[in-house]
Trainee: 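Below you'll find the structure I mean.
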Amino acid sequence: MGNLRTKDLSKIGYHNDQLRSLVIGIVSKNFKHHSKQEILDLLQDIKNDPEAFLDNELTRKIAEKVIGKIDEVSFKAYGLRDEPVCFKTYGGKGIEPSAKQQMELASLLPVSIQGALMADAHMGFGLPIGGVLATDNAVIPYAVGMDIGCRMTLSIIDESDSFIKRFAYQIKQALKNHTHFGMEGGLDVRQDHEVLDSPVFNEIPFLKPLRGKAVRQLGTSGKGNHFVEFGEIEMLANNALGLPARRYLALLTHSGSRGLGAAIAKHYTKLAMDSCKLPRHAQQLAWLDMNSEAGQEYWLAMTLAGDYAKACHDRIHSNLLKALGLKAICVVENHHNFAWKGKLSDGKEVIIHRKGATPAHKGELGIIPGSMTTPAYLVSGKGSHDALYSASHGAGRAMSRQKAKDSMTVSSMKKMLINADVTLIGGTVEENPLAYKDIDAVMIAQRDLVDIQGKFYPRIVRMNKE
């Protein structure tokens, strides 16, 4: 064998350092009796058709590395459509122009099929919050969002609304002892849930080191607009749950997949942006092909984050009800910041992304919250095709966090809470009720999408103290 140098390998397109040192190692050990030209011809063949060399033990490692390297650097560039695909807007008067522009941009993606903009919409990263987008065999990490599988859970309890007045002290103690808010730390007692045994933690190498934090954060809530609150729910006559029309005690929670979901979102967004190149102003909407390994992996990881968010709510509800000696007679939950496999009215199979929007198929139950002093609505979906079987996920922000901070004092907020008969534990002026749109106006704007089954009034609210 002639002396094979890295320079020779560069000439035939072997540019990766790791790959070149691997090739030189294998060749010097196993191809001593071949001429330099024979080796270079063989390497050229492996590079041109690596799959053909996967069965041979001597060439397999080189072929695998070539395939891997091709994957690493391969990206595809895409242009946008000339005309946006159809998307319907609900409650457009109350939606800022920037959110509408973001939705329009998403509708220009070559993989987009149909969209919808919910009445609580405001500007986000990638897809606006309140944006719904159906795509063709593609999943967009930033159209799902950072807090994957963030959700609402409502436990209706067979106690009258007078329970809150009688046991306000015990409820406050339970909220202080059995909930935890913020980025760090966890509950005093280690929580357990079957989601922690998911094989996906081991199947995807990237997820393995995240399990420890998921164990610590189980049963906790994030910051910002996440909450745990006791209140009273007024069930309407002939409601879908079949409950007698009266007022009940209820527990309502809003939080997501904690550090796990955020890490998954960051990791796969980077992969999408590296492999799918779009015009700069649309780059955040980069997607993963559902047939690719990265697309399949993201789907598994996203689903795990959604299951983990549900597990957090399961533990919060279980711990609080047990501490207060209560039992739920009914539990309703719905999630947002997620992607689902669905079908359009013409039978076409699509991926439906709902970022800050919730599923509302015919008869599907959900909860749409207002703010810390305004009602949340228990609803049943009407299955509107135009809305991609969706509804809003809340009232939606009317002000940025900074603006909310600048325009409200702590004492004015206290007055608002007293007038609404609400006790707040933690919470900040950034989440003050005026920072949100009018929930009743949002509900009117989506009356074609959902039917109201009950109305929940917050009474004792726990949020993050920043």
Side-chain angles (χ1 to χ4, degrees), residues 84-92 95 99-100 102-104 106-107 109 111-121 124 126-140 143-145 148-154 239-241 256 287 290 299 302-303 306 309-310 332-369 376-396 439 442-454:
V85 297
C86 160
F87 74 90
K88 184 155 182 185
T89 301
Y90 295 84
I95 299 175
K100 292 177 184 171
Q102 278 190 308
M103 194 65 220
E104 184 139 332
S107 309
L109 294 177
V111 290
S112 294
I113 306 278
Q114 189 188 328
L117 195 56
M118 299 298 110
D120 63 338
L127 204 60
I129 293 150
V132 185
L133 188 68
T135 56
D136 186 9
N137 204 40
V139 63
I140 305 170
V144 167
I148 298 172
C150 187
R151 60 202 293 125
M152 305 290 309
T153 302
L154 173 78
N239 60 75
L241 292 174
W287 64 84
M290 284 294 286
W299 197 263
M302 175 194 78
T303 305
K310 178 179 165 38
V332 176
E333 45 195 329
N334 61 343
H335 54 302
H336 47 274
N337 297 357
F338 210 70
W340 288 259
K341 290 176 180 169
K343 274 188 181 169
L344 299 182
S345 49
D346 61 5
K348 182 169 176 58
E349 292 187 359
V350 289
I351 303 294
I352 300 180
H353 305 73
R354 295 184 178 94
K355 186 176 183 188
T358 53
H361 296 91
K362 193 158 180 59
E364 189 169 15
L365 294 171
I367 306 109
I368 302 176
Y377 286 89
L378 173 61
V379 299
S380 148
K382 290 187 173 184
S384 160
H385 304 306
D386 288 347
L388 286 167
Y389 323 105
S390 308
S392 85
H393 82 313
I439 184 67
V442 168
M443 295 309 293
I444 289 166
Q446 58 183 348
R447 55 178 179 256
D448 294 344
L449 311 184
V450 289
D451 282 318
I452 296 169
Q453 308 295 319

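Note that the coordinates shown come from a computational prediction; the quantities given were computed from them, not determined experimentally. When reading the values below, keep in mind they use all heavy atoms of this one structure, side chains included, and skip hydrogens, waters and symmetry mates.
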Trainee: Could you check if a side-chain atom of Glu364 sits within less than 4.5 angstrom of a side-chain atom of Thr358, using non-hydrogen atoms only?
Mentor: no
Trainee: Side chains of Val450 and Met443: does their closest heavy-atom pair fall under 4.5 Å?
Mentor: yes
Trainee: Side chain of Asn337, backbone of Gly149: donor and acceptor closer than 3.5 Å?
Mentor: no
Trainee: Using a 3.5 Å distance criterion without hydrogens, assess whether the side chain of Gln453 forms a donor-acceptor pair with backbone atoms of Ala240.
Mentor: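 Flag set: sc Gln453 to bb Ala240 pair under 3.5 Å.
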Trainee: What's the separation between atom OH in Tyr389 and atom CG in Leu344, rounded to the nearest 0.5 Å?
Mentor: 6.0 Å
Trainee: Supply the atom-to-atom distance Ser380 OG to Ile452 CD1, rounded to the nearest 0.5 angstrom.
Mentor: 11.0 Å
Trainee: Taking all heavy atoms of Leu127 and all of Ala106, pick out the closest pair and write down the distance.
Mentor: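 Leu127 and Ala106 have their closest heavy atoms at CD1-CB, 3.6 Å.
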Trainee: Spell out, as yes or no, whether a donor-acceptor pair under 3.5 Å connects the side chain of Ser112 to the backbone of Gln114.
Mentor: no
Trainee: Check for a donor-acceptor pair, side chain of Thr89 on one end and backbone N or O of Gly92 on the other, with a separation under 3.5 Å.
Mentor: no
Trainee: First locate atom CG of Leu388, then atom CG of Leu117, and finally report the distance between them rounded to the nearest 0.5 Å.
Mentor: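 Between atom CG of Leu388 and atom CG of Leu117 there are 11.5 Å.
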Trainee: Is the backbone N or O of Asp386 less than 3.5 Å from a side-chain atom of Lys88, with the two atoms forming a donor-acceptor pair by type?
Mentor: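 It does not hold such a pair.
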Trainee: In Å and rounded to the nearest 0.5 Å, what is the NE2 to CD1 distance from His393 to Ile368?
Mentor: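 Answer for the NE2-CD1 pair, His393 versus Ile368, is 10.5 Å.
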Trainee: With side chains defined as the heavy atoms from C-beta onward, is the minimum distance between Thr135 and Trp287 less than 4.5 Å?
Mentor: no
Trainee: For residues Ser390 and Leu449, report the shortest heavy-atom separation together with the two atoms involved.
Mentor: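 Here Ser390 and Leu449 meet closest at O-CD1, 3.5 Å.
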Trainee: Measure from the side-chain N and O atoms of Gln446 to the backbone N and O of Ser392, and report whether any donor-acceptor pair falls under 3.5 Å.
Mentor: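 Checking the backbone N and O of Ser392 against the side chain of Gln446, a donor-acceptor pair under 3.5 Å is found.
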Trainee: Pick one: which of Asn334, Leu154, Val379, Val332 meets side chain to side chain contact (heavy atoms under 4.5 Å, CB included) with Leu365?
Mentor: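 Per the side chain to side chain contact (heavy atoms under 4.5 Å, CB included) rule, the option paired with Leu365 is Val332, out of Asn334, Leu154, Val379, Val332.
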Trainee: Would you call Lys343 and Val350 a side-chain contact if the rule is heavy atoms closer than 4.5 Å?
Mentor: no
Trainee: What pair of heavy atoms forms the shortest contact from Pro369 to Ala376, and how long is it?
Mentor: CA-CB, 3.6 Å
Trainee: Please determine whether a side-chain nitrogen of the Lys or Arg among Lys382 and Asp448 lies less than 4.0 Å from a carboxylate oxygen of the Asp or Glu.
Mentor: no
Trainee: Rounded at 0.5 Å granularity, tell me how far CD1 in Ile352 sits from CG in Leu133.
Mentor: 9.5 Å
Trainee: Compare every heavy atom of Gln102 with every heavy atom of Gly126, then report the nearest pair and how far apart it is.
Mentor: O-NE2, 3.5 Å
Trainee: Which heavy atom of His336 sits nearest to which heavy atom of Ala357, and what is that distance?
Mentor: CB-O, 3.1 Å
Trainee: At their closest point, which heavy atom of Thr303 faces which heavy atom of Phe338, and how far apart are they?
Mentor: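 Distance-wise, the nearest heavy atoms are CA-CZ, 4.0 Å.
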Trainee: Quick one: pull up CH2 in Trp340 and NE2 in His353 and give me the separation to the nearest 0.5 Å.
Mentor: 10.5 Å
